[in-house]
Amino acid sequence: MAAQEIFSGLPWWVKWIAVPIIALVVFGGLIATVVGFVVGLLFKALIFVAIVGGLIYVVRKFITGSTSSRSGW
């Protein structure tokens, strides 16, 4: 039996309100876990990019500073 056949005789509010609410209640924990994991992963990726960018900035400043001091000899 297809889902369309199952829902064909039901009122609109069952299809569009009751079923999604039941799905959120049943799978809410799973959905929250997946969303939390994705947000945590994006946060870690952002922290990684910021640390690598800071490292590149410091290394370039150090190399530029040591190069200009050597040219003064």
Side-chain angles (χ1 to χ4, degrees):
M1 236 191 316
Q4 191 174 15
E5 294 174 6
I6 294 172
F7 289 119
S8 65
L10 298 175
W12 67 270
W13 59 270
V14 172
K15 296 182 224 179
W16 299 106
I17 297 173
V19 173
I21 288 175
I22 293 170
L24 282 175
V25 169
V26 172
F27 298 108
L30 177 66
I31 293 169
T33 302
V34 170
V35 169
F37 176 75
V38 170
V39 168
L41 192 63
L42 289 174
F43 180 73
K44 288 178 184 178
L46 181 65
I47 294 295
F48 175 76
V49 168
I51 290 173
V52 169
L55 178 66
I56 291 171
Y57 176 78
V58 168
V59 167
R60 285 189 178 175
K61 281 291 186 183
F62 179 75
I63 290 174
T64 304
S66 63
T67 305
S68 63
S69 65
R70 270 193 246 154
S71 63
W73 285 79

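Values reported hereafter were calculated over all heavy atoms of this structure, with side chains retained and with hydrogens, waters and symmetry mates removed.
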For this session: Test Ile21 against every option in Leu24, Ile17, Val19 by the side chain to side chain contact (heavy atoms under 4.5 Å, CB included) rule and name the one that passes.
Result: Ile17
Exercise. Can you tell me how far the CH2 atom of Trp16 sits from the CZ atom of Phe7, to the nearest 0.5 Å?
Worked result: 10.0 Å
Exercise. Can you name the residues that form a side-chain contact (heavy atoms from CB on, under 4.5 Å) with Pro20, not counting sequence neighbours?
Worked result: none
Problem set entry | For Ile47, the rest of its hydrophobic cluster, which grows through side-chain links under 4.5 angstrom | Phe43, Ile51
Exercise. So if you build clusters from Ile, Leu, Val, Met, Phe, Trp, Tyr with side-chain heavy-atom gaps below 4.5 Å, do Ile56 and Val58 land together?
Worked result: no
Problem set entry | side chain to side chain contact (heavy atoms under 4.5 Å, CB included) partner of Val39, chosen from Leu41, Leu42, Val35 | Val35
Exercise. Who passes side-chain contact (heavy atoms from CB on, under 4.5 Å) against Ile22, sequence neighbours left out?
Worked result: Val26
Exercise. Out of curiosity, does Phe48 fall in the hydrophobic cluster containing Leu46 (side-chain heavy atoms, cut-off under 4.5 Å, transitive links)?
Worked result: no
